[in-house]
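Structure record follows, encoded as structure tokens.
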Amino acid sequence: MVSTATHIGDFTFDNCLMNAAGVYCMTKEELADIEASAAGSFVTKTGTLEARLGNPEPRYADTQLGSINSMGLPNQGFHYYLDYVTELQKAPDSKNHFLSLVGMSQEETHTILKTVQESDYEDLVELNLSCPNVPGKPQIAYDFETTDQILSQVFSYFTKPLGIKLPPYFDIAHFDLAAAIFNKYPLTFVNCINSVGNGLVIEDETVVIKPKNGFGGIGGDYVKPTALANVHAFYQRLNPSIQIIGTGGVKSGRDAFEHILCGASMVQIGTALHQEGPAVFERITKELQAIMVEKGYQTLEDFRGKLNYID
Ligand code: SIN
């Protein structure tokens, strides 16, 4: 029997597939559905210091090749998610989880992380440095100086396992610069990629979402090559202790296989989960297992990062 089990840091997961933050994770009910599915884990919606309504609707649209969204970080406030995952982790058969967080300012981010540091929560934390959809707030991880400063301050007090959600980078020089910063810190993982920010989708003569005059983060088929490139670029550059979570354009076992081949230790599903619901995890797991059987691989370690190049 082939295994799709994996680990991130000291945390083990029976399956390498899970949701991407933002999809099917806004409420306890949605999170419970992911917990009950074939997914190996869940990540919560990114929680901010206070609850947020987010941007005006319509703020998400399915498109022929994926999706566009400008949700604007609607969420119940980080305490809601912190309390839920802390409660869940007490159950003996609970999966391990990821708590996604960010403040609307650096001060707020530190307030949130200090609260988590002092809490009973022991699982993984994902700091979202890449939301493209809050008007007036640029994606933090495109500002290398600020990113370095935030991480330096965070790791002066935060000792629990922490990773960061990254936007896509598009230039080799940026992969080099970003990796040099991340390698300075005891990050447990980086998650590549958030949506490709500020795309525009038009139907007839009109944009398909309301916020920001139609500009929004792009997911689905459009973004898989960019996601794979980011996963592999960071796999090549980061200290081996920093694992990679691959996110972007995964709607089949073949897509998940490619993310792992590029170096991902875990693979997140966004647009396809939104379109298909939690049954997507069982389907894609079976498809991934079938590819592994066909190729004679027993575990993810047999092919993780082993992408072939052309001489
Ligand atoms: C959003 O809420 O706008 C999406 C979350 C994200 O892209 O980080």
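This chain uses plain numbering: 1 for the first residue, then up along the sequence. Counting convention: from 1, in listed order, for ligands and their atoms alike.
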Checklist entry - For the ring pair (Phe, Tyr, Trp, His ring centres under 6.0 Å) test, which of F42, F13, F11, Y81 pairs with F98? => result F13

Checklist entry - Should M26 and Q76 count as side-chain neighbours, where that means a heavy-atom distance under 4.5 Å? => result yes

Checklist entry - Relative to the heavy atoms of P74, which atoms of ligand 1 are at a distance of less than 4.0 Å? => result 2 (O)

Next on the checklist: Within ligand 1, which atoms have a heavy atom of N133 less than 4.0 Å away?
Outcome noted: 1 (C), 3 (O), 4 (C)

Next on the checklist: Whether K28 engages the ring of Y80 as a cation-pi pair (distance to the six-membered ring centre under 6.0 angstrom, angle to the ring normal within 45°) should be assessed.
Outcome noted: yes

Checklist entry - Which atoms of ligand 1 are found less than 4.0 Å from any heavy atom of K45? => result 1 (C), 2 (O), 4 (C), 5 (C)

Checklist entry - Does some side-chain heavy atom of I244 sit less than 4.5 Å from a side-chain heavy atom of N230? => result no

Checklist entry - Hey, does N128 come in under 3.5 Å of ligand 1, counting only N/O atoms on both sides? => result yes

Checklist entry - Which heavy atom of G277 sits nearest a heavy atom of Y24, and at what distance? => result CA-CE1, 4.3 Å

Item to check | Element-labelled atoms of ligand 1 that are located less than 4.0 Å from some non-hydrogen atom of M71 | outcome: 1 (C), 2 (O), 3 (O)

Item to check | Ligand-residue contact atoms, ligand 1 with G72, heavy atoms, under 4.0 Å | outcome: 1 (C), 2 (O), 3 (O)

Checklist entry - More than 12 non-hydrogen atoms from neighbouring residues, nucleotides or ligands closer than 6.0 Å to NZ on K95, yes or no? => result yes

Checklist entry - Using the ring of each side chain (for Trp, its six-membered ring), is Y297 parallel, tilted or perpendicular to F257, with breaks at 30° and 60°? => result parallel

Next on the checklist: Tell me the contacting part of R59 for ligand 1: side chain, backbone, both, or neither, using a 4.0 Å heavy-atom threshold, strictly below.
Outcome noted: neither

Checklist entry - Who's the nearest protein heavy-atom neighbour of atom 7 (O) of ligand 1, and how far? => result N194 OD1, 3.0 Å

Next on the checklist: Within the 4.0 Å heavy-atom shell around P132, which atoms of ligand 1 are there?
Outcome noted: 7 (O)

Next on the checklist: If we set the cut-off at 4.0 Å for heavy atoms, which region of L73 has an atom near ligand 1: side chain, backbone, both, or neither?
Outcome noted: both

